[in-house]
Amino acid sequence: MQIIDTKKFQSDLLDWYDNEKRDLPWRRERDPYRIWVSEIMLQQTKVDTVIPYYERFLTKFPTLEALADADEEDVLKAWEGLGYYSRARNLHQAVKEVRDDYNGIVPSTEKEIAALKGVGPYTAGAVLSIAYNVPAPAVDGNVMRVLSRIFSIYDDIAKPASRKKFEAITRDLLPENRAGDYTQALMELGAVVCLPRKPACLLCPVAEHCSARKEGVQEFLPVKAKKKAPRSVQLSVGVVRDSRGRYLVEKRPDTGLLAGMWQFPHSEEGLDGLPAVDESSWENLTQIRHVFSHLVWEMDVYQTVHDVQKLEKAQQLLTVDELKQKAFPVSHQKIIALLEES
DNA sequence: GATTCGTGGGT
DNA sequence: TACCCAAGAAT
């Protein structure tokens, strides 16, 4: 691996960051709780998507105590549409742990913070460095991309094992001071200059340190294995409205896909798996194709009017206004939107 | 170590 | 259209 002038690399990167960093909401904060929230939201999610959620979430839950005291339903509602909903549930649980076990103070050691639910190696390093200026490495996709180019590393960054290698390199490159700025600078560079495709090397403050640039292979790095195509799942969705205009909805189990979110009853076994109504009364409402990262829902949506005699556990009859208070996945929000039209 | 967990935007 | 991409963690 190429040797670089570490001090020069650090100062070139930090000088650029000082002048060019974007003005982002969480960069105006020092509250470790708020930094933490931003890091959870930013997992696998673009900055532009996160910003409005971040603002609303912290207006609703301004302090760690406020979030810890909240109902999970309200936390999920605030996360609705952001995806990866376990992030919200794990954050909620972790915040309660901090309230109960750490007197409400976000822990500042690697061991303690990494033990919190939903806080993995990246988030631990990010919160430690950004909120507490502790020189802990935070290796995300940006960092792996940037460093794979700086050092011409051809390890497949899709493999979990690769992260450790980049973590060791990052640790060696961390400045004693300004750990938080350095962490953010590395990610900022990846986000706005050292892009996945067509990196803007002419604008890069550390181009002179970059091995890939020197060799002209920056477009071929990092190496990242393709992921396989998502599998398809056929679903029949039943929209049941009673004579009082209420809809039958249910809460999903608290594990697995869309855990804890609400939905209209649905089945992989066709109409048979839907609530017991006269099958001939189902009328086709629409078809919806919804793509997740690892699967595709092919939804056939049916509706009927029927007075439900007996509710299952976790089922409720709600008006449109009432069910809009619950957190629904985007796939089912599409259905709600149709109901509002008619 | 591979798979599961969402969503919206870019090309 | 059909990919790919994004400040990952849990299982």
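All values derive from a computational prediction rather than experimental measurement. The sequence lines fix the lettering, A, B, ..., with proteins before strands; numbering per chain opens at 1. FYI, side chains are in, hydrogens and waters are out, and symmetry mates aren't considered; it's all heavy atoms of this structure.
- DNA chain C lies under 4.0 Å from at least one heavy atom of each of the following residues of residues 224-239 of chain A: A:K224, A:K226.
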Margin query: With salt bridge (charged side-chain N to carboxylate O under 4.0 Å, His left out) as the criterion, how do A:K8 and A:D12 come out once you've worked through the C-alpha distance, each side chain's angles and the decisive distance to 0.1 Å?
Written below: CA-CA 6 Å; A:K8 182 71 161 44; A:D12 286 346; 2.9 Å; yes
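- Residue-level contact check: A:W79 touches neither bases nor backbone, having no heavy atom under 4.0 Å from any strand.
- Across all strands, A:L24 comes closer than 4.0 Å to base atoms (heavy-atom distances).
- A donor-acceptor contact shorter than 3.5 Å is absent between the side chain of A:R149 and the backbone of A:C210.
- Among the atoms of the strands shown, none is found under 4.0 Å from any heavy atom of A:R89.
- Within residues 150-180 of chain A, no residue has a heavy atom under 4.0 Å from DNA chain C.
- Contact annotation for A:R252: no contact, since no heavy-atom pair falls under 4.0 Å across all strands.
- Judged as a ring-ring contact (aromatic ring centres under 6.0 Å, His included), and not counting sequence neighbours, A:F151 has no contacts.
- Among residues at least two apart or in separate chains, side-chain hydrogen bond (donor to acceptor under 3.5 Å, both in side chains) pairs with a member in residues 162-175 of chain A are A:D155-A:K165, A:R163-A:E167.
- Positionally, the nearest nucleotide of DNA chain C for A:M187 lies more toward the 5' end than for the other of A:N90 and A:M187.
- Contact footprint of chain A on DNA chain C: nucleotides with an atom under 4.0 Å from a non-hydrogen protein atom, first to last in 5' to 3' order, C:dC4 to C:dT11.
- Every residue two or more places apart in sequence or in another chain that forms a side-chain contact (heavy atoms from CB on, under 4.5 Å) with A:R87 is listed here: A:I40, A:Q43, A:T45, A:W79, A:L82, A:Y84.
- Not a single donor-acceptor pair under 3.5 Å links the side chain of A:D254 to the backbone N or O of A:A259.
- The ring of A:H290 has its center closer than 6.0 angstrom to the ring center of A:F292.
- With sequence neighbours left out, the side-chain hydrogen bond (donor to acceptor under 3.5 Å, both in side chains) criterion links A:N177 to no other residue.
- A residue-by-residue look at A:A114 and A:P196 shows that A:P196 has its nearest nucleotide of DNA chain C further toward the 5' end.
- Rounded to whole Å, the separation between the P atoms of B:dT3 and C:dA7 comes to 23 Å.
- Contacts of A:R289 with the nucleic acid, taken as non-hydrogen atoms under 4.0 Å apart, are absent.
- Comparing B:dG6 with C:dC3, their P atoms sit 22 Å apart, to the nearest whole Å.
- Ion pairing between A:D181 and A:K21 fails under the 4.0 Å rule for side-chain N and carboxylate O.
- Distance noted for atom P between B:dC5 and C:dA6: 22 Å (whole Å).
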5' to 3', nucleotides 6-11 of chain B under a 4.0 Å protein heavy-atom cut-off (B base, S sugar-phosphate only, - none) gives BBB---
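- Within 4.0 Å of A:S38, counting heavy atoms only, lies no atom of the nucleic acid at all.
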Show me, pair by pair, the donor-acceptor contacts under 3.5 angstrom made by side chains of residues 220-235 of chain A, not counting sequence neighbours?
{"unit_1": "A:Q234", "atom_1": "NE2", "unit_2": "A:E298", "atom_2": "O", "d": "3.4"}
{"unit_1": "A:Q234", "atom_1": "NE2", "unit_2": "A:D300", "atom_2": "OD2", "d": "3.2"}

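- Between A:R244 and A:D307 there is no salt bridge, since none of the side-chain N atoms of the basic residue sits less than 4.0 Å from a carboxylate O of the acidic one.
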Would you give me the side-chain donor-acceptor pairs under 3.5 Å for residues 317-329 of chain A, sequence neighbours excluded?
{"unit_1": "A:T319", "atom_1": "OG1", "unit_2": "A:E322", "atom_2": "N", "d": "3.1"}
{"unit_1": "A:T319", "atom_1": "OG1", "unit_2": "A:E322", "atom_2": "OE1", "d": "3.4"}
{"unit_1": "A:E322", "atom_1": "OE1", "unit_2": "A:T319", "atom_2": "N", "d": "2.9"}
{"unit_1": "A:K324", "atom_1": "NZ", "unit_2": "A:E340", "atom_2": "OE2", "d": "2.8"}
{"unit_1": "A:Q325", "atom_1": "NE2", "unit_2": "A:D321", "atom_2": "O", "d": "3.3"}

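- The ring pair (Phe, Tyr, Trp, His ring centres under 6.0 Å) pairs that include a residue from residues 178-218 of chain A are A:F9-A:H209, where partners are two or more places apart or lie in different chains.
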Show me the donor-acceptor pairs, under 3.5 Å and distance only, between side chains in residues 52-64 of chain A and residues at least two apart or in other chains.
{"unit_1": "A:Y53", "atom_1": "OH", "unit_2": "A:E80", "atom_2": "O", "d": "2.9"}
{"unit_1": "A:T59", "atom_1": "OG1", "unit_2": "A:E55", "atom_2": "O", "d": "2.8"}
{"unit_1": "A:T63", "atom_1": "OG1", "unit_2": "A:A66", "atom_2": "N", "d": "3.0"}

